Amino acid sequence: MLTRLRAAWRSFATKHPGVAQFLVFFMLSNGVTALQLAMMPAIKWLFGMTSLVDTSFQVWPVGSNVDGSQYYVFDYAAGALPAGGGGLAYFLAVQITLLVAQVINFFAQRNITFKSNSSIGRAALWYAIAYVAITLLAAAAQGLYKAPIYELFIDTWGMGGAGETLADVVTMIINSAISFWVFFPIFKVIFKQTPVEGAAAAEVVAP
């Protein structure tokens with residue numbers, strides 16, 4: 001059975017390489033997202049036991065919210081959610097989770113999805129640049145939906161701690177979705193397959 005599935009997949013990948021590549025990217029990305037969903041509550045819980053929850057982390061003010069208050073790219077006001085923004089504890093939990101997941105994602109996508117043999121150093125540099133840019137984009141977007149989601153699950157629906165965990169999951173899925181659609185075209189560029197000299201020479205002399 002397994003042999004037949006492998007043969008069917010190879011046949012499909014040969015006929016539709018672009019679609020097959022995207023499907024592998026999709027499956028690996030979902031695996032990384034599942035890892036994030038498992039890590040986030042645990043890391044958030046650990047930092048939640050520290051005084052960092054009461055340490056505000058509000059950086060890069062840009063424009064204003066609908067109510068006239070200051071809008072921050074990174075908006076983690078002091079205090080537990082939903083009354084506060086989770087403070088520095090929430091910021092670190094999010095960023096550590098994303099960093100670990102993206103390091104794993106880098107090697108998995110490079111070696112499995114794109115089978116790249118180009119310079120790993122150059123790819124890592126461009127990946128890091130893209131990661132920072134996407135992190136800023138996701139952080140700015142999070143300022144729009146984070147507070148309403150936590151308020152909905154914890155207060156409006158009265159779910160308490162379970163609601164906070166569900167809100168963690170929803171926000172992480174949104175972050176992952178942003179990364180998913182932005183990273184695929186970036187990976188197509190930075191993860192190249194360069195011809196191997198020996199293979200190229202063999203092609204030249206082959207009858």
Side-chain angles (χ1 to χ4, degrees), residues 2-44 60 73-74 91-145 168-206:
L2 185 58
T3 302
R4 290 182 179 178
L5 288 175
R6 287 176 178 173
W9 171 254
R10 291 194 192 99
S11 176
F12 177 82
T14 301
K15 294 177 181 178
H16 309 283
V19 176
Q21 189 178 70
F22 181 80
L23 289 175
V24 174
F25 172 79
F26 178 80
M27 289 186 289
L28 286 177
S29 295
N30 278 298
V32 171
T33 298
L35 174 64
Q36 289 178 259
L37 294 177
M39 290 175 55
M40 177 63 182
I43 297 177
K44 184 168 170 285
W60 291 340
V73 173
F74 291 99
F91 170 78
L92 290 175
V94 170
Q95 297 308 317
I96 291 173
T97 300
L98 288 174
L99 179 60
V100 172
Q102 292 307 325
V103 169
I104 294 173
N105 194 44
F106 173 83
F107 289 102
Q109 301 291 2
R110 181 180 186 272
N111 297 329
I112 299 173
T113 304
F114 297 92
K115 297 181 175 61
S116 175
N117 60 351
S118 59
S119 170
I120 189 171
R122 181 177 299 177
L125 173 62
W126 283 111
Y127 185 86
I129 293 172
Y131 170 74
V132 171
I134 293 171
T135 297
L136 293 176
L137 173 65
Q142 192 177 74
L144 300 174
Y145 63 78
D168 288 342
V169 171
V170 172
T171 53
M172 188 58 64
I173 288 175
I174 294 173
N175 272 326
S176 299
I178 293 173
S179 298
F180 175 85
W181 290 110
V182 175
F183 265 125
F184 184 71
I186 292 174
F187 285 161
K188 293 279 288 185
V189 174
I190 68 175
F191 290 148
K192 296 289 188 180
Q193 284 186 326
T194 58
V196 180
E197 292 184 5
E203 290 180 4
V204 172
V205 299

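Values in this document were obtained by computation on a predicted structure and should not be read as measured data.
Within a 6.0 Å sphere centred on CH2 of Trp9, heavy atoms belonging to other residues, nucleotides or ligands number more than 12. Within 6.0 Å of the CZ atom in Phe26, the count of heavy atoms belonging to other residues, nucleotides or ligands does not exceed 12.
Interatomic distance, OH of Tyr131 versus CG of Leu136, reported as 10.0 Å (0.5 Å rounding). Between the CG atom of Leu28 and the CD1 atom of Ile104 there is a distance of 11.5 Å, given to the nearest 0.5 Å. Going from atom CD of Gln36 over to atom CG of Asn30 covers 10.5 Å, rounded to the nearest 0.5 Å. Distance check: Met40 CE to Thr97 OG1 gives 5.5 Å after rounding to the nearest 0.5 Å. From Lys188, atom NZ reaches atom CZ of Phe114 across 6.0 Å, with rounding to the nearest 0.5 Å.
Considering only heavy atoms from C-beta on, Val94 stays 4.5 Å or farther from Phe74 through its side chain. Side-chain atoms of Leu99 and Gln95, non-hydrogen and from C-beta on, never get closer than 4.5 Å to each other. Looking at Val32 and Phe106, their side chains never come closer than 4.5 Å, going by heavy atoms from C-beta outward. Contact check for Ile173 versus Leu37: side-chain heavy atoms found under the 4.5 Å cut-off. Proximity of Leu98 to Met172: side-chain heavy atoms (C-beta onward) are separated by under 4.5 Å at one or more points. You'll find the side chain of Phe12 reaches within 4.5 Å of the side chain of Leu23, heavy atoms only.
Listed for the Thr33 side chain is a donor-acceptor partner under 3.5 Å among the backbone atoms of Ser29. In this structure a side-chain-to-backbone donor-acceptor pair under 3.5 Å is missing from Arg110 to Ile190.
Ile134 and Ser179 make their closest contact through CG2-OG, 3.7 Å (heavy atoms, listed as atom of the first residue, atom of the second, distance). Smallest separation of non-hydrogen atoms from Ala138 and Asn175: CB-OD1, 3.3 Å.
Ring-plane geometry between Phe187 and Phe25 is classed as perpendicular, the angle between the planes exceeding 60 degrees on a 0 to 90 degree scale with a lower cut at 30.
A centroid separation of 6.0 Å or more is found between the aromatic rings of Tyr127 and Phe107.
Screening Phe191, Phe183, Phe184 for a side chain to side chain contact (heavy atoms under 4.5 Å, CB included) involving Gln109 leaves a single residue, Phe191.
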